[in-house]
Each structure stands twice: as C-alpha cells, then as structure tokens.
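What follows is a short report on a single structure.
Indexing begins at 1, ligand by ligand and atom by atom, following the structure's order. When reading the values below, keep in mind they use all heavy atoms of this one structure, side chains included, and skip hydrogens, waters and symmetry mates.
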Amino acid sequence: MNPLRAFPQIQNLITDESLKKYPFYLKAYFSKIVVADFKKNFQGRIDKKTLLMHIKKELENFMHKDLQSVINATGVIIHTNLGRSVIDENLYESCKKSICSYSNLEFNLQNGKRGSRYTSLLDKLKILFECEDALIVNNNAAAVFLVLNSLAFNKEVISSRGELVEIGGGFRMPEVIKAAGVRLCEVGTSNKTHLRDYENALNENSILILKTHRSNFSIQGFHSEVSIENLGILAQKNRLISYYDLGSGWCENLNEKLTKNEPQVKKILKHCDILSFSADKLFGSVQAGIILGKKQFIEKLRQNQLLRMLRVDKLTLAFLNETTRAYLEKNYDKITTLRLLNDKLSHIEDKALKVQKNIKFKSLLKTSKSLVGGGSMPDKNLESVVLCFEGNALILQKKFREKNIIGRIEKDSFVLDFRSIRENELDTLILKINELDL
Ligand SMILES: *Cc1c(COP(=O)(O)O)cnc(C)c1O
C-alpha cells in the first residue's frame, strides 16, 4: 500500500472539533501546507493528532501576526517600526462621522455639482502655513517623486553630495531622482558644500535646486552646507526653482529645546518655491505627503497624470483635516506626537510611579533620555523617566515583547521609558506586567 495513504484527508482535518474556532479558509490553507510538508519529509506513519497539533500551531502563529496594538516603551516617540505618529482617540472620534457615512468627498453641496476632494483641507493648510497653494499625496516619498517629475523632467537638478541620503526602506535620493526622469548634478563633497559649488554647476539644462533635510543622521565637526535662504536667492537670480525636501518638519508649539536650529515649515516657505514633508512625522497625523509653495508650481504638479495614482483616500483626508483643524484651533492636546514631545518631566515621573507602585516586580526609577525618532532630530534628546528591571536584559526584553510591551536596553539593563507611554495605557501596562512570569 502507498504509505502516503496513511494520511488523513484534508477534509477530515478541517472539520475536526479541535479546529472549530478557526475560519474555514485559514484552516484549509494551513492544513494543506502542513500535510504537504509531512508528505515531503515522510518517515513512517503520521497520526491525525500530530497533524492537527501542527496545523493549530501554524494557525496561532498566523493570528499572532495580525496588526495589533503594542505599548511603545522605547522612548522613541516617532517610531517608524511602531507606526510613527499615534492618532488621538478624540481626534479619531471627530473623523468617524465623515468616514462611516457617505460624504461630500467630491460633491459641491451648494450647487450639486462635482467638487474637489481636497478643497477644504487645502484651504486649512494654506491658512496654517501662510502659503499660496498646497497639495496632498500618499507620502513624502511620493511628494519628492511628483515634484521632480512635474518640474524637472528631462532637465537637471542640482543637489549637494552631503544631502544625497538614504532614509530607510531603501529610499535613496539619487535613485528617486533618476526614476523621476531627472538628471542629477551632484555638487560639493560629503561633508562640505559651498554656495560657489552650486554656482559653478549652473548650466543651460539646470532647472531646479534641491535641498534635502538630513533628517535621520547628523554630521558633527568639519562640515558646512548652504542654507535654504541662500539657495533660494541663487535660484531666483538664475530663474531656477528651489525645492526643499524637509522630511519631517515641525509646524507649531514644540518645545524650545527641540526646535533650536530646526527648520520650521512656515519660515522655510519664505525662502523657497516649494517644499514637502511627511504628515506622520513631527506633524503628528497619518501617512501622507504635504506639498506647499507657490501656486504656479503646485499647479504644474496638479496637471501631472501621476497625481491620480498618488492620491489619498477619504480616510487619510479626514484625519489630515482634523489634525490641521487642531493646529488652527491650537488644540495641541489632540496631536499625540506633540503631547508626548512636550510632556513635562514631572508628569512622566507620575506615570512611571503609578506603574511602579502597582506591579508585583521590583523596579528602579531613574531619569534618562529619549529620542524623537522617525528620522527627526537625530542629534537631540529629551529628558525622560524609566523603570529599570533587574535580570538578564535580553530575556526580559523578549518576555515583555511577548506581552506587546516594547522596551529598550540601556547600559545592559532592560528599561521601560515613560516618555512614549500614554496616560491611557497605564492600566493595561500594569495588567500585562502582572501577568508576566519573570
Ligand atoms: C521621511 C523622509 C522621506 C520619506 O517620507 P515618507 O513619508 O516616509 O514617504 C523623504 N525625505 C526625507 C528627507 C525624509 O526624512
């Protein structure tokens, strides 16, 4: 007899009582995979119980990969791997109504004709940033691509070598420039670029001067770059376009320590024709690219067929709209990223104390420093308070992680940093820690 005959039928596995709680499609998928795997490595008779056990394990693994909430105790506020900016629950509530019903997304309620999905948000952005025009795309990477493709196709863009960065996820400035159909003219060296380097590079093919914010690393020591003020003047003198890819970029109400030497969007706009930044970094909203600047250039972006491919969904628009409204109304508490960045040390300590008092394990309260993150302000850190746990740091880190609590290791100790932990997570955090077996 064919030994493979000894295998139970897939149907027989799927309908087994022990897999009752799992969805049919998932059971079928993993049963087939497990059976095929056993057949390939067949050694003797396999009983149904063993197979079921393996299928169940696969199913549990799969379910665990679902997007789920975690507690960010790394101290890094804009943590790219943990979803960058968090949407405040009250802000979410304000969006719910327009998301969970039909809306005037592309409908003019006054005249009953087709309207533009962006109008109301763009008006708010123009007021907030005091600029002529604005545009929204999927993310800032898309913004960079659209700007270059619309304004510099088949022409030459001048950029400093020191700013041809890779920003994570394999997004490399030189590749993006090339992919947009634009020729790159690199000037300066990786640590120093002077205004004369730009001047010397000008030729009849030049069309745009690009400045990129070195957002995820900092250069210390023997270094110089040309300010956007000077690049803006140079561009204007030579009838070129000046574009600043800000990456992050802060808007308002950020504590002084962080904003020192950091470009503020509104100020930069006075010196360049066009700029772009991510909406889910320091701006504190959802994933999107915000493009601001002179009307004549943004209008060109709008005419690019690509825009349709980069357009955002009504969910994104609803969230961006509420975040922008919160800025306009100076309701900064509705912007989680700002709230955490501006949080006072005494309040962070209160949060840590509450947890320390209510958990069954011993911990040490210490002051420490946390990072802004998200490719923002790599050379700046913020005072914070951590709870430090005794024991093997790597093992502790893993045990906490299994409870969806992501901490960090500091000087060989496992710590929870309370700067990035929100007030309304404390009870859950206490509950989860007390479930641990350390
Ligand atoms: C983050 C960043 C980008 C990409 O923005 P996404 O919104 O992640 O697509 C581009 N340029 C710079 C300088 C950045 O910091």
Electrostatic pair [X]:[Y] at N-O distance under 4.0 angstrom:
{"X": "D437", "Y": "K403", "result": "no"}
{"X": "E299", "Y": "R302", "result": "yes"}
{"X": "K294", "Y": "D273", "result": "yes"}

Any nitrogen or oxygen of [X], main chain or side chain, under 3.5 Å from a nitrogen or oxygen of ligand 1?
{"X": "G247", "result": "no"}
{"X": "N140", "result": "yes"}
{"X": "S248", "result": "no"}

Kindly assign one of parallel, tilted or perpendicular to the pair F129 and F283, based on the angle between their ring planes and the thresholds 30° and 60°.
-> tilted

Any idea how F400 and F414 line up, ring-wise: parallel (<30°), tilted (30 to 60°), or perpendicular (>60°)?
->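 Because their plane-to-plane angle lies in the 30° to 60° range, the rings of F400 and F414 count as tilted.
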
Considering only heavy atoms of A141, which atoms of ligand 1 have at least one such atom less than 4.0 Å away?
-> 4 (C), 5 (O), 6 (P), 9 (O)

If we number the atoms of ligand 1 from 1 as shown, the ones under 4.0 Å from a heavy atom of H213 are 13 (C)

Does even one non-hydrogen atom of D245 get within less than 4.0 Å of ligand 1?
-> yes

D197 and V187 have their tightest heavy-atom pair at O-CG1, 3.6 Å

Given R84, Q287, K281, which one has a non-hydrogen atom that is nearest to atom 8 (O) of ligand 1?
->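 Residue with the shortest heavy-atom distance to the ligand atom: R84.
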
